[in-house]
**Q** 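I'd like to ask some things about the structure below.
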Amino acid sequence: MSKIVATGKTIEDAVAQGLAKWGVSRDRVSVQVLSQPSRGFLGLFGVKEAKVELELLPERAGGELQSETPLAKQEVSIKANQTESAVTVSMPAAEAAESPPADVNSTGHEGKDPYHEVISFLQETGRAMGIEVTIDMEKGKDYTTLHISGSGLGLMIGRRGQTLDALQYLANIVANRYSDSYLRIVLDAENFRERRKKTLEDLADRLAARVLKTRKEIVLEPMSAPERKVIHARLQAKGGVKTYSKGDEPNRRVVITPKM
């Protein structure tokens, strides 16, 4: 077997993995990069390892390599396969062998402000969506609200706030990645949270009135836990009806039923 494919967090790490499998030194192989490593989105998602192909170089009689360049000065040509062309990067063998592999899982949160990291994350996400946003922070007792403003925020809010909820989930991951204590982040855009709460309360009132009139229970569409809480709280003190939730996430629903 004269060729082998190896993977690693970095190109150097992948090469080292291949050399270890063969038990040979770096000067005994030529290296072709099949895919470059990627840290993914903000180092959180879609992390991709480097992949390289090592080809064992033949030896001359007497155990000498075909290469006429001394080992100390020998350079290994790394050809990165791309869509249409190859890019050649020369790397000294000795230097590459001594380079420690990078740790993509390292957070390095010391000295970094988790709120600053979250704001940077949201601004970067906005730019990826083609939106320039500004963010104002409002710290509360139990959580911190980040108010997003800018043009075209409907894309960041999404249908019934689903995109905003997803971004809020990711924002909490980022914040707590850079914090030694638990932080809770709430995202709001164009006062969406308050407007959505008012919409849900009006819906709860209308459906409760229908239940009282027909004496039949009504099952609402699937909602997130915070939205279900709004419905429960609105009808908690309303006479003649009661509410409960049924089903499993993400299809858990509120049921409004008449009191017997």
**Q** Without hydrogens or angle criteria, can the side chains of S245 and H232 be said to hold a donor-acceptor pair below 3.5 Å?
**A**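 Yes, a side-chain donor-acceptor pair sits under 3.5 Å.
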**Q** For V133 and L122, which heavy atoms make the closest approach, and how far apart are they?
**A**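 Shortest heavy-atom separation between V133 and L122 comes out as CG2-O, 4.2 Å.
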**Q** For residues L207 and L220, determine if any side-chain heavy atom of one lies less than 4.5 Å from a side-chain heavy atom of the other.
**A**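 Answer yes - side chains close enough.
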**Q** Would you check if Q17 and T7 make a side-chain contact, meaning some heavy-atom pair closer than 4.5 Å?
**A**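 No - every pair of side-chain heavy atoms lies 4.5 Å or more apart.
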**Q** So, do K139 and Y115 sit near enough that their side-chain heavy atoms are less than 4.5 Å apart?
**A**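 When only atoms from C-beta onward are counted, Y115 and K139 do touch, with a gap below 4.5 Å.
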**Q** Is it the case that over 12 heavy atoms from other parts of the model lie below 6.0 angstrom from the CG atom of D248?
**A**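 No - once you tally the heavy atoms of other residues, nucleotides and ligands closer than 6.0 Å, there are 12 at most.
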**Q** If every non-hydrogen atom of A189 is compared with every non-hydrogen atom of L153, which pair is closest and at what distance?
**A**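 In terms of heavy atoms, the two residues are closest at CB-CD1, 4.2 Å.
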**Q** Specify the closest pair of heavy atoms between A50 and A14, including all atoms of both residues, with the distance to one decimal.
**A**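 Between these two residues, the closest heavy atoms are O-CB, 4.0 Å.
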**Q** Would you check, one step at a time, whether the test side chain to side chain contact (heavy atoms under 4.5 Å, CB included) holds for V255 with I218?
**A** CA-CA 6 Å; V255 180; I218 293 178; over 6 Å; no
**Q** So, do T144 and E138 sit near enough that their side-chain heavy atoms are less than 4.5 Å apart?
**A**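 Counting from C-beta outward, T144 and E138 never come under 4.5 Å.
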**Q** Looking only at atom types and distance, does a side-chain atom of D165 sit under 3.5 Å from a main-chain N or O of Y169, one as donor and one as acceptor?
**A**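 Answer holds: no.
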**Q** Under 3.5 Å, is there a donor-acceptor pair between the side chain of T199 and the main chain of R195?
**A**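 Yes; at least one donor-acceptor contact below 3.5 Å.
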**Q** Walk me through it: do R193 and E227 pass the test salt bridge (Lys or Arg N to Asp or Glu O under 4.0 Å)?
**A** CA-CA 10 Å; R193 299 297 185 191; E227 291 191 338; over 6 Å; no
**Q** When you look at D142 and R184, which way does the salt bridge (Lys or Arg N to Asp or Glu O under 4.0 Å) test go after all the steps?
**A** CA-CA 7 Å; D142 299 320; R184 183 186 171 199; over 6 Å; no
**Q** Are the side chain of Q168 and the backbone of L187 linked by a donor-acceptor contact shorter than 3.5 Å?
**A**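 Yes, the answer is positive, given that a donor and an acceptor are paired below the 3.5 Å cut-off.
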**Q** Would you call D202-R206 a salt bridge at under 4.0 Å N-O?
**A**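 So D202 does not pair with R206 through a salt bridge.
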**Q** Is S30 close to L57 at the side-chain level, that is, under 4.5 Å between some pair of heavy atoms?
**A**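 Counting from C-beta outward, L57 and S30 do come under 4.5 Å.
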**Q** Show, in sequence, the C-alpha distance, side-chain angles and deciding distance for R234 and L203, and conclude whether the side chain to side chain contact (heavy atoms under 4.5 Å, CB included) test is met.
**A** CA-CA 10 Å; R234 183 68 174 181; L203 175 66; over 6 Å; no
**Q** Under a 4.5 Å side-chain heavy-atom rule over Ile, Leu, Val, Met, Phe, Trp and Tyr, are I157 and V186 clustered together?
**A**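 Per the 4.5 Å side-chain linkage, I157 and V186 are not co-clustered.
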**Q** Do R160 and R196 have side chains that get closer than 4.5 Å, going by heavy atoms?
**A**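 Result yes, sub-4.5 Å side-chain heavy-atom pair found.
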**Q** Is atom NZ of K216 surrounded by more than 12 heavy atoms (other residues, nucleotides or ligands) closer than 6.0 Å?
**A**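 No, because the 6.0 Å sphere around NZ of K216 holds 12 heavy atoms or fewer from other groups.
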**Q** Does R253 pair with E221 as a salt bridge, N-O distance under 4.0 Å?
**A**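 No salt bridge links R253 with E221.
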**Q** If you define the side chain from C-beta out and look only at heavy atoms, does anything of V52 sit under 4.5 Å from L34?
**A**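 Counting from C-beta outward, V52 and L34 never come under 4.5 Å.
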**Q** Taking R252 for its side chain and G247 for its backbone only, find out whether a donor-acceptor pair lies under 3.5 Å.
**A**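 Here the side-chain-to-backbone pair exists.
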**Q** Any idea which heavy atoms bring Y244 and T257 closest together, and the distance?
**A**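 Result for this residue pair: CE2-CG2, 4.1 Å.
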**Q** What about Y143 and M137, same hydrophobic cluster or not, with Ile/Leu/Val/Met/Phe/Trp/Tyr joined at side-chain heavy-atom distances under 4.5 Å?
**A**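 Each belongs to a different hydrophobic cluster.
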**Q** How about Q236: does its CD atom have over 12 heavy atoms from other parts shown lying under 6.0 Å from it?
**A**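 No, not enclosed.
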**Q** Determine the minimum heavy-atom distance between D13 and G8, stating which atoms define it.
**A**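 Closest approach of D13 to G8, heavy atoms only: OD2-CA, 3.7 Å.
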**Q** Quick one: are I4 and E53 in side-chain contact, heavy atoms under 4.5 Å?
**A**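 Sidechains of E53 and I4: no contact.
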**Q** So, does S179 use its side chain to make a donor-acceptor pair with the main chain of Y182 at under 3.5 Å?
**A**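 No; judged by distance alone, with no hydrogens or angles, the pair does not exist.
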**Q** What's the verdict on side chain to side chain contact (heavy atoms under 4.5 Å, CB included) for L212 and V241, showing C-alpha distance, side-chain angles and the deciding distance?
**A** CA-CA 7 Å; L212 288 173; V241 299; 3.7 Å; yes
**Q** Is there a side chain to side chain contact (heavy atoms under 4.5 Å, CB included) between L167 and T125? Walk through the geometry before answering.
**A** CA-CA 9 Å; L167 287 173; T125 302; 3.7 Å; yes
**Q** Treating N172 as the side-chain partner and I185 as the backbone partner, does any N or O pair qualify as donor plus acceptor under 3.5 Å?
**A**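 Pair found, side chain donor or acceptor close to backbone of I185.
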**Q** T163 and L155: which non-hydrogen atoms are nearest, and at how many Å?
**A**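 That would be CG2-O, 3.7 Å.
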**Q** Indicate yes or no: does D205 engage R210 in a salt bridge with an N to O separation below 4.0 Å.
**A**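 R210 and D205: not salt-bridged.
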**Q** Any donor-acceptor pair under 3.5 Å linking the side chain of N251 with the backbone of P222?
**A**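 Side chain of N251 to backbone of P222, a donor-acceptor pair under 3.5 Å: no, none is there.
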